[in-house]
Chemist: 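After the structure tokens below, expect a handful of questions from me.
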Amino acid sequence: MTPTLEFKQNSHLNPVLTDPGTRILQADKLLGRWLNTNRETRGIAECVIERDGEQFIVSAVGVGADGPIEWPRTTASALANLEEEGGQRAVVLAATFDFAFMKAETYIRVNKGVLVIVLYATFRDDSGRSNYVNREFFYSRD
Amino acid sequence: MQFAQICDLVEIDTASMEPIDLSSFPGTWINSNPETNGIARLLMSESDGNLSLQTLAVGPTGLIDWGRTGVDVFTSGPSSRLAAGFSSRYDFDFVEIRLQGMIMKGLLVLAQFHRFKDDSRRADHFAREYYAQIPDGY
């Protein structure tokens with residue numbers, strides 16, 4: 001007897017979600033070193049995504065005033081992306097970079113060979129800066 | 001001022017700081033894909049300078065109301081005072097759903113992160129859909 005699944009939308013009942021193949025994350029397209037397509041960026045200059053077993057490690061380098069700023073390496077959680085990349089079961093990474101004064105929540109995906117990082121920045125200091133969202137594009141250097 | 005990327009190094013005059021302009025968001029946003037099996041529409045409203053969100057998703061027999069929840073607001077940059085994005089979270093018994101929206105070219109792009117907490121062995125997954133704001137009374 002098939003157990004009844006709880007749901008909040010039809011997609012929660014999609015049989016693909018319980019297909020063991022969906023849990024095998026096809027993340028090869030995400031791995032490697034990525035450089036910002038905008039050489040004049042004032043944000044993230046580059047990003048490296050590595051895989052260690054089932055874990056994904058993301059490191060990033062921000063553009064600083066006097067040189068690059070290494071961001072803390074962080075572990076990303078991987079989610080199946082069922083609907084993009086021509087029906088391929090692609091992967092999206094969700095990674096949070098935790099600074100004392102700011103938190104940067106990102107999601108990272110590949111679309112047509114371009115790595116897209118969407119970043120939600122939340123400031124924890126009393127600088128008066130607005131929390132903001134930003135999106136940047138990266139090309140593979142591997 | 002601390003920063004991790006130089007775009008965050010900005011001059012802010014806290015004495016003359018305006019409240020965040022939330023006017024981009026209140027109203028009804030409908031999914032651009034009428035065949036969606038996910039979120040069909042978002043109802044956003046403003047009260048006392050805060051935004052809230054009601055989510056209606058497609059179910060087998062009609063729309064499922066997820067209820068109303070608060071949102072965190074994001075602008076387009078550290079010195080901007082115009083709302084351009086939001087994040088929100090629904091925590092149900094069996095699934096946690098995080099929503100992250102941003103306005104691009106007049107559309108709301110909604111990233112959805114579904115993490116199952118039950119023992120159904122369903123894969124955590126991501127979806128990204130587009131929503132158009134419809135005029136009042138539509």
Side-chain angles (χ1 to χ4, degrees), chain A residues 3 5-14 16-20 22-23 25 41-45 60 62-65 69 71 77-84 89-92 94 97 99-102 104-105 107 109 118-123 125-135, chain B residues 1-10 12-14 17 20 36-40 55 57-60 64 66 72-81 84-87 90 92-95 97-98 100-102 104 109 111 113-116 118-129:
Chain A
L5 294 175
E6 291 188 274
F7 61 92
K8 280 294 180 181
Q9 58 185 38
N10 277 346
S11 75
H12 289 165
L13 302 174
N14 186 341
V16 167
L17 297 179
T18 50
D19 179 345
T22 304
R23 292 186 163 275
L25 300 170
T41 183
R42 294 167 58 81
I44 297 173
V63 175
I69 299 173
W71 288 23
S77 57
L79 299 97
N81 182 7
L82 306 179
E83 295 173 0
E84 292 194 43
R89 291 174 189 173
V91 170
V92 170
F97 296 91
F99 302 90
F101 66 98
M102 185 262 280
E105 295 177 286
Y107 71 87
R109 65 196 176 93
V118 180
L119 181 151
Y120 286 74
T122 301
F123 291 100
D125 58 9
D126 57 359
S127 62
R129 287 176 285 189
S130 298
N131 301 331
Y132 70 91
V133 57
N134 186 31
R135 188 175 61 142
Chain B
M1 178 179 284
Q2 290 183 285
F3 60 94
Q5 46 186 2
I6 199 166
C7 63
D8 293 341
L9 183 58
V10 293
I12 303 288
D13 181 0
T14 53
M17 205 161 56
I20 301 280
T36 183
N37 281 310
I39 294 172
T55 300
V58 176
I64 299 173
W66 292 5
D72 294 322
V73 173
F74 295 80
T75 68
S76 59
S79 55
S80 170
R81 305 302 290 171
F86 70 86
S87 71
Y90 284 93
F92 302 111
D93 285 345
F94 70 100
V95 68
I97 303 166
R98 187 155 56 93
Q100 289 183 331
M102 67 185 293
M104 287 196 306
V109 182
F113 305 79
H114 301 254
R115 289 190 170 91
F116 290 101
D118 60 6
D119 58 0
S120 63
R121 298 192 56 77
R122 283 176 283 188
D124 295 341
H125 64 282
F126 171 88
R128 186 169 174 269
E129 294 184 290

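Keep in mind it's a predicted model, so treat the numbers as computed, not measured. We name chains A, B, ... by the order of the sequence lines, and we start the count at 1 in each one.
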Chemist: Which answer fits F3(B), side chain, backbone, both or neither, if we ask what part of it has an atom under 4.5 Å from a heavy atom of chain A?
Modeler: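 For F3(B), backbone and side chain are both near chain A.
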Chemist: If we define contacts as heavy-atom pairs under 4.5 Å, which of V10(B), T14(B), V58(B), I39(B) has the most with chain A?
Modeler: V58(B)
Chemist: For the atom pair CZ (R129(A)) and CE (M1(B)), what is the distance rounded to the nearest 0.5 Å?
Modeler: 4.5 Å
Chemist: Enter the distance from W71(A):CH2 to Q5(B):CD here, rounded to the nearest 0.5 Å.
Modeler: 4.5 Å
Chemist: Measure across S11(A) and H125(B) and return the closest heavy-atom pair with its distance rounded to 0.1 Å.
Modeler: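 Nearest pair, atom of S11(A) first, then H125(B): OG-NE2, 4.2 Å.
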Chemist: On a heavy-atom basis, which atom in G43(A) and which in C7(B) lie closest, and how many Å separate them?
Modeler: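 The pair with the smallest heavy-atom distance is CA-SG, 4.2 Å.
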Chemist: S77(A): what forms a side chain to side chain contact (heavy atoms under 4.5 Å, CB included) with it, not counting sequence neighbours?
Modeler: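 Testing S77(A) for side chain to side chain contact (heavy atoms under 4.5 Å, CB included), a comparison that skips the adjacent residues, returns L79(A), A94(A), R115(B).
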Chemist: Quick check on M102(B) against chain A: is it the side chain, the backbone, both or neither that has a heavy atom closer than 4.5 Å?
Modeler: both
Chemist: If every non-hydrogen atom of F101(A) is compared with every non-hydrogen atom of A4(B), which pair is closest and at what distance?
Modeler: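 Smallest interatomic distance, heavy atoms only, reads CZ-N, 3.7 Å.
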Chemist: Can you tell if the side chain of F7(A) reaches within under 4.5 Å of the side chain of V95(B), non-hydrogen atoms only?
Modeler: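 Sidechains of V95(B) and F7(A): no contact.
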Chemist: Would you mind checking which part of V63(A) comes under 4.5 Å of any heavy atom in chain B, side chain (CB onward), backbone (N, CA, C, O), both or neither?
Modeler: both
Chemist: First locate atom CZ of F123(A), then atom CD of Q2(B), and finally report the distance between them rounded to the nearest 0.5 Å.
Modeler: 11.0 Å
Chemist: Measuring from E105(A):CD to F113(B):CZ, what's the distance to the nearest 0.5 Å?
Modeler: 9.0 Å
Chemist: Among A123(B), A84(B), P78(B), A57(B), which residue forms the greatest number of heavy-atom pairs with chain A at distances under 4.5 Å?
Modeler: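 The answer is P78(B).
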Chemist: Any chance CG of D93(B) has more than 12 other-residue heavy atoms, nucleotides or ligands included, within less than 6.0 Å?
Modeler: no
Chemist: Show the nearest heavy-atom pair for residues N131(A) and V73(B), with the distance to one decimal.
Modeler: CB-O, 4.0 Å
Chemist: Rounded at 0.5 Å granularity, tell me how far CD1 in I64(B) sits from CD in Q9(A).
Modeler: 8.0 Å
Chemist: Please classify the contact between F99(A) and chain B as side chain, backbone, both or neither, with a heavy-atom cut-off of under 4.5 Å.
Modeler: side chain
Chemist: Please give me the minimum heavy-atom distance between F116(B) and H12(A), naming the atom from each residue.
Modeler: CZ-CD2, 3.8 Å
Chemist: Tell me, please, whether Y90(B) has K8(A) positioned over its six-membered ring: NZ or CZ under 6.0 Å from the ring centre and within 45 degrees of its axis?
Modeler: no
Chemist: So which atom in S130(A) and which in T75(B) form the shortest heavy-atom distance, rounded to 0.1 Å?
Modeler: CB-OG1, 3.4 Å
Chemist: Between S76(B), G77(B), G85(B), A40(B), which residue shows the highest count of heavy-atom pairs closer than 4.5 Å to chain A?
Modeler: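 That would be G77(B).
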Chemist: Between CZ of R121(B) and CG of L5(A), what distance do you get to the nearest 0.5 Å?
Modeler: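 Reported value, rounded in 0.5 Å steps: 13.0 Å.
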Chemist: With a 4.5 angstrom heavy-atom cut-off, which part of D13(B) approaches chain A: side chain, backbone, both or neither?
Modeler: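 Neither part.
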Chemist: Can you tell me which of H114(B), R81(B), R98(B) forms the most heavy-atom pairs within a distance under 4.5 Å of chain A?
Modeler: H114(B)
